[in-house]
Each structure stands twice: as C-alpha cells, then as structure tokens.
Number of protein chains: 2
Amino acid sequence: MIQDDKNDKQISQAVIRRLPRYYRYLRELIRNNILRISSRELSEKMKVTASQIRQDLNCFGGFGQQGYGYNVKYLYNEISRILGVDKHFTAVIIGMGNLGKALARNPLFEKRGVSIKGLFDISPDIIGKPCNGIPVMSMNLVTEFCVINSIDIAVLTLPKSEAASAAETLAKAGIKGFWNFSNMELSLSEYDVKIENIHLGDTLMTLCYELARDLDEKE
Amino acid sequence: MIQDDKNDKQISQAVIRRLPRYYRYLRELIRNNILRISSRELSEKMKVTASQIRQDLNCFGGFGQQGYGYNVKYLYNEISRILGVDKHFTAVIIGMGNLGKALARNPLFEKRGVSIKGLFDISPDIIGKPCNGIPVMSMNLVTEFCVINSIDIAVLTLPKSEAASAAETLAKAGIKGFWNFSNMELSLSEYDVKIENIHLGDTLMTLCYELARDLDEKE
DNA sequence: TAGATTGTTAATCGATTAACAATC
DNA sequence: TAGATTGTTAATCGATTAACAATC
C-alpha cells in the first residue's frame with residue numbers, strides 16, 4: 001500500500017482541489033525551462049501565500065529542499081502521480097449531444113492520462129459513426145463494453161431524464177467514477193463510486209451575481 | 001441603491017457559490033408543487049445543515065417566517081433576483097469550436113436570464129452560418145457589435161493562444177464579465193471586469209485523485 | 001395559546017497565515 | 001560557513017454548527 005500522505009491523516013477537500021492548479025502551473029514552468037522554484041516565487045505567480053503552498057505540498061511529502069526550493073520537474077511528477085495520471089484511467093462518454101461531442105474531441109483527457117475508449121448514445125442516426133476516431137455505440141452494448149474493457153470512468157452528458165437509470169447501469173458494470181454533466185443529483189449510495197458533479201450553469205450564475213452587485217451599486 | 005445584504009457586510013464567496021444550488025433545489029420544489037419548506041426539510045434534501053441554510057439566506061434578508069418556514073416561490077424569486085436573473089444580461093460566445101457550439105445550443109443561458117446575442121469566430125468557413133439561430137460573425141466585427149448592443153458577458157471558448165488578446169479587445173468594447181473556458185489566466189487588472197475561470201480538466205483530475213487513492217488502498 | 005421554526009448570537013471547528021527552528 | 005528556504009508548529013482568521021430567544 002502506497003502512502004501518499006505521510007501519516008495517513010485525511011487530506012482536506014480544499015487541498016485536493018488546489019492540486020490540479022499546481023499541476024497546471026508547474027507544467028507551464030517546465031514549458032518555460034524553469035528548473036527550480038521557491039514557494040515564494042510560485043506564490044507570486046499563483047497569487048496565493050507561500051505558506052499555503054508549503055502546507056499543501058507537505059500533506060503529501062517533503063518535496064522541497066531547504067535553501068534551494070523545489071525541483072520543478074520532480075515536483076510536477078510527484079503531483080502528477082498523486083493525481084493518478086500514471087494510473088491511465090479509461091473512460092466512456094455517455095450521450096453524444098453537443099457537449100458529449102465537444103468532450104470527445106477535447107484533448108483534456110489525454111493530457112491527464114485518461115483515455116476515452118468508447119462513446120455511447122441511444123440515437124440510431126449517430127450509432128456507428130465514429131467521433132474523433134472513437135466508435136459511437138448503442139447504449140444496449142454499454143454494460144458488456146465496460147465490463148470487458150474494465151472502464152474506470154463514465155462521463156455523463158445525457159439528459160437529466162436518462163441520467164439516473166444510465167448511472168445505475170454503469171455502476172453495475174463496474175464504473176468507479178462519474179464525471180457528471182447531467183445536472184441530475186445521482187443516488188448511487190449503494191455502490192462504491194466517486195461522483196464529480198459539474199453544474200456549468202452555477203458558475204455562470206456566480207458571475208451574474210457579481211455583475212448584478214455592480215449594477216446595484218451604481219443605482 | 002438596492003441593499004441586498006442587510007448591513008452592507010461583505011458576503012463570503014462560500015455563500016455566493018452556494019446560491020445557485022439553492023436556486024436549483026427551489027426550482028425543483030416548485031416543479032413538484034411544494035409551496036412551503038422549513039430549513040430542516042430543505043437541509044435533508046440538500047445534505048447540508050439547517051443552520052447553514054438559515055445563515056446563508058440571512059446574509060441577504062429574512063425570507064422566512066417563524067413557525068412557518070419559507071414560502072418556496074417567494075424565496076425562489078428572491079434568490080433569482082439576488083443572482084441577477086432579472087437583469088437580463090446579454091452575452092456573446094467567442095470561438096465556435098466544439099465547446100462554443102455546445103454552449104450556443106445549450107439551454108442553460110436562457111434558463112438563467114442570459115441571452116446570447118452573437119457568436120464570433122475567425123474561420124471564414126463558418127462565418128455567416130448561424131448556429132441555433134444566432135449569427136456567427138467575424139472577429140473583426142466584435143468590438144462594434146458589443147458596443148452597439150451593450151453586451152455584458154463574453155464566453156471565451158477559443159484557444160489559449162488567442163484568449164489574451166481577445167479578452168483585452170472585449171474589455172475595451174465594454175464587456176463586464178468573462179466566463180472563461182480558455183484555460184488561460186487573463187490579466188485584465190486595468191479593467192473593471194469580473195472573471196469566472198472554468199478549468200474543466202481540474203474537476204476531472206480531482207475525480208482521478210479519488211480513484212487513485214482507492215487503488216492505492218487496495219495494494 | 002401552544003407548537004413550530006426562524007433569525008441571530010455564541011461556540012466550535014477547520015483552514016489559512018505567520019513564525020521560526022531545522023537544514024541544505 | 002553564511003544565506004536561503006523548507007518543513008512544521010503555533011496563532012489567527014473565517015466558516016460552520018449549535019443553541020436559543022424572538023415571534024409567527
């Protein structure tokens with residue numbers, strides 16, 4: 001059993017949600033041939049405190065060196081490992097509407113070590129026509145496909161009305177993680193699965209909130 | 001000047017980011033013809049504490065009634081107003097790639113009182129062909145269009161390389177809010193604008209993190 | 001009125017920041 | 001060695017939860 005956190009103490013959600021941001025900034029540093037960086041320098045770039053960076057990283061281990069700072073490539077690799085990039089998870093996309101298609105063609109998966117193995121829909125019009133080189137299959141085949149290929153992740157880009165039953169089918173087929181764009185609260189408490197709910201509209205609304213406050217102030 | 005918060009005290013980001021979730025749940029209650037609800041009942045549905053609900057709502061005013069609870073429609077309307085739905089913000093989408101197209105056809109905007117007035121791209125192949133009934137125009141026209149139509153929000157779904165310059169053009173054209181899917185950190189500190197950065201990949205990575213931890217435990 | 005439930009204050013909890021000893 | 005910067009503990013800050021008086 002690999003121990004990422006030094007003393008098995010629980011890592012807070014706040015820290016976990018900041019990891020992908022470190023990952024992005026470190027990749028950028030590598031791209032710019034920056035080989036080492038101190039927490040203070042990184043904190044200036046990321047607009048956070050150096051203290052927070054050191055605390056966050058130390059949840060997982062001592063990746064730096066006193067008097068030197070952090071080796072960028074080493075740190076990037078460590079965070080990459082913590083985030084499971086090297087686990088090479090596999091995924092299917094369920095629902096080939098506009099968002100499904102957009103995600104199927106998006107390079108974000110491969111950049112993070114996740115490979116899309118299959119696309120699924122119920123519409124006969126699009127079944128059989130590959131998207132971005134990946135076959136679009138009938139939902140009738142989804143269980144068999146996921147079981148045979150040991151798929152880890154299901155991306156749910158289908159209508160609210162179909163999301164609940166599809167999710168249950170997928171959980172039974174061994175899916176362990178749901179990246180859920182369906183705006184449907186999934187109830188899969190009987191299954192040992194992780195769910196990441198994405199409500200795109202929510203972030204648009206917080207933007208609208210800020211804009212509305214500005215307007216109110218000017219009245 | 002409208003006072004949403006009772007004593008002009010600053011509302012925390014944590015509270016603001018929860019508002020759209022209340023908004024969703026309240027709409028669901030209305031759909032199910034539920035006319036009143038107590039903080040305790042709502043807390044059970046939403047899996048949060050009743051205390052938090054009462055605290056959150058009270059940042060903006062006393063919307064409930066002792067001994068009764070909350071009038072669902074009234075509360076929905078209040079939150080709707082706080083989130084600026086009745087401000088009827090206007091938006092343009094910049095970049096008609098897969099994600100841009102998916103958003104242009106997505107009903108999420110109209111549900112939140114935001115109307116998409118124009119779509120923009122640099123590719124001559126798609127300029128002139130409307131998407132979801134909205135014209136796709138050349139980026140050369142974006143400044144004129146935004147100024148004339150007093151556009152509030154720009155949705156950035158263009159490549160990283162083009163995002164920075166486009167954002168500056170848009171800020172100069174009077175855009176006040178950016179819903180930024182470009183994965184580019186925008187530097188618009190000279191302009192009085194609000195930015196909501198969306199990093200879709202980040203949420204996929206936190207899901208991968210959870211899955212990776214599960215695998216590690218089993219080793 | 002009695003019961004219910006809010007609005008609000010006080011207590012707790014957790015997360016962030018500051019400080020500094022350890023050490024490269 | 002001296003200077004720099006981490007890892008880590010302690011202090012602070014803010015957010016969440018609990019409690020209860022106010023009141024419908």
Side-chain angles (χ1 to χ4, degrees), chain A residues 3-22 25-26 29 34-76 78-79 82 206, chain B residues 3-22 25-26 29 34-76 78-79 82 206:
Chain A
Q3 275 297 135
D4 261 321
D5 44 305
K6 295 144 102 189
N7 311 307
D8 212 6
K9 59 174 142 21
Q10 195 51 48
I11 315 286
S12 79
Q13 273 295 112
V15 176
I16 295 165
R17 299 214 166 261
R18 280 195 293 267
L19 289 178
R21 188 152 183 266
Y22 291 125
Y25 272 84
L26 288 165
L29 291 173
I34 293 165
L35 299 177
R36 65 180 256 198
I37 196 160
S38 69
S39 57
R40 192 184 50 72
E41 287 170 305
L42 188 55
S43 76
E44 281 159 14
K45 282 187 197 290
M46 296 184 65
K47 312 267 168 66
V48 296
T49 63
S51 225
Q52 180 165 80
I53 292 172
R54 294 203 299 277
Q55 284 271 28
D56 284 357
L57 298 179
N58 265 83
C59 292
F60 303 97
F63 300 138
Q65 197 168 73
Q66 282 99 330
Y68 174 89
Y70 297 88
N71 177 308
V72 174
K73 270 190 184 162
Y74 172 73
L75 185 57
Y76 177 78
E78 284 299 305
I79 291 182
I82 293 164
T206 60
Chain B
Q3 274 299 136
D4 263 319
D5 43 305
K6 294 145 102 189
N7 310 307
D8 211 7
K9 60 174 143 17
Q10 195 50 47
I11 315 286
S12 79
Q13 273 295 113
V15 175
I16 294 164
R17 299 215 167 261
R18 282 195 291 266
L19 290 178
R21 189 154 182 265
Y22 291 124
Y25 274 84
L26 288 165
L29 290 175
I34 293 166
L35 300 177
R36 65 181 254 198
I37 196 160
S38 69
S39 57
R40 193 184 50 72
E41 287 170 305
L42 187 56
S43 75
E44 281 160 14
K45 283 189 197 289
M46 295 184 67
K47 311 268 169 63
V48 297
T49 64
S51 224
Q52 180 165 78
I53 291 172
R54 293 203 299 277
Q55 285 270 29
D56 283 357
L57 298 179
N58 264 84
C59 293
F60 301 97
F63 300 138
Q65 198 168 72
Q66 282 98 328
Y68 175 89
Y70 297 88
N71 177 308
V72 175
K73 271 190 184 162
Y74 172 72
L75 185 57
Y76 177 78
E78 285 299 305
I79 291 181
I82 293 164
T206 60

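Order of the sequence lines sets the chain letters (A, B, ...), proteins ahead of strands, with each chain counted from 1.
Of the N and O atoms on the side chains of B/Thr49 and B/Gln52, not one donor lies less than 3.5 Å from an acceptor on the other residue.
Regarding contacts with the backbone of C/dA4, every side-chain N or O of B/Arg36 stays at 4.0 angstrom or more from both OP1 and OP2. Note on B/Arg54: every side-chain N or O is 4.0 Å or more away from OP1 and OP2 of C/dG7. Between B/Tyr68 and C/dG7 there is no side-chain polar atom (N or O) within less than 4.0 angstrom of OP1 or OP2. The phosphate of D/dG7 (OP1 or OP2) has a side-chain N or O of A/Tyr70 nearer than 4.0 angstrom.
Atom-to-atom, CZ of A/Phe60 to P of D/dG7 comes out at 14 Å; the value is rounded to the nearest Å. Rounded to a whole Å, the CD atom of A/Gln66 is 12 Å from the P atom of D/dT5. Between the CZ atom of B/Phe63 and the P atom of C/dT8 there is a distance of 12 Å, rounded to whole Å. One can place CD1 of A/Ile53 at 13 Å from C1' of D/dT5, the figure rounded to the nearest angstrom. The interatomic distance linking B/Asn71 (CG) with D/dC24 (P) rounds to 16 Å, in whole Å. Remark: P of C/dA4 and CD1 of B/Ile37 are 17 Å apart, rounded to the nearest angstrom. As a whole-Å value, the separation of A/Arg17 CZ from C/dA15 P is 13 Å. When the P atom of C/dT16 is taken as reference, atom CD1 of A/Ile16 falls 12 Å away, rounded to whole Å.
A heavy atom lying under 4.0 Å from DNA chain D marks the following residues of residues 39-51 of chain B, by number: B/Thr49, B/Ser51.
Minimum interatomic distance between B/Leu19 and B/Phe60 (heavy atoms only, all atoms of both residues): CD1-CZ, 3.6 Å. A/Pro20 approaches A/Ile16 most closely through the heavy-atom pair CD-O, 3.3 Å.
When Watson-Crick and G-U wobble pairs are counted only if both distances are under 3.5 Å, C/dT6 pairs with D/dA21.
Within the 3.5 Å criterion, the main-chain N or O of B/Met46 finds a donor-acceptor partner in the side chain of B/Arg21.
For C/dT6, the base has no donor-acceptor partner in the side chain of B/Gln55 [N/O atoms by modelled type, under 3.5 angstrom].
Contact check for A/Tyr70 versus A/Leu42: no side-chain heavy atoms found under the 4.5 Å cut-off. Inter-residue side-chain proximity for A/Lys45 and A/Leu29 is flagged as met; some heavy-atom pair is nearer than 4.5 Å.
Every residue meeting the salt bridge (Lys or Arg N to Asp or Glu O under 4.0 Å) condition with B/Glu44, not counting sequence neighbours, appears here in chain and number order: B/Arg40.
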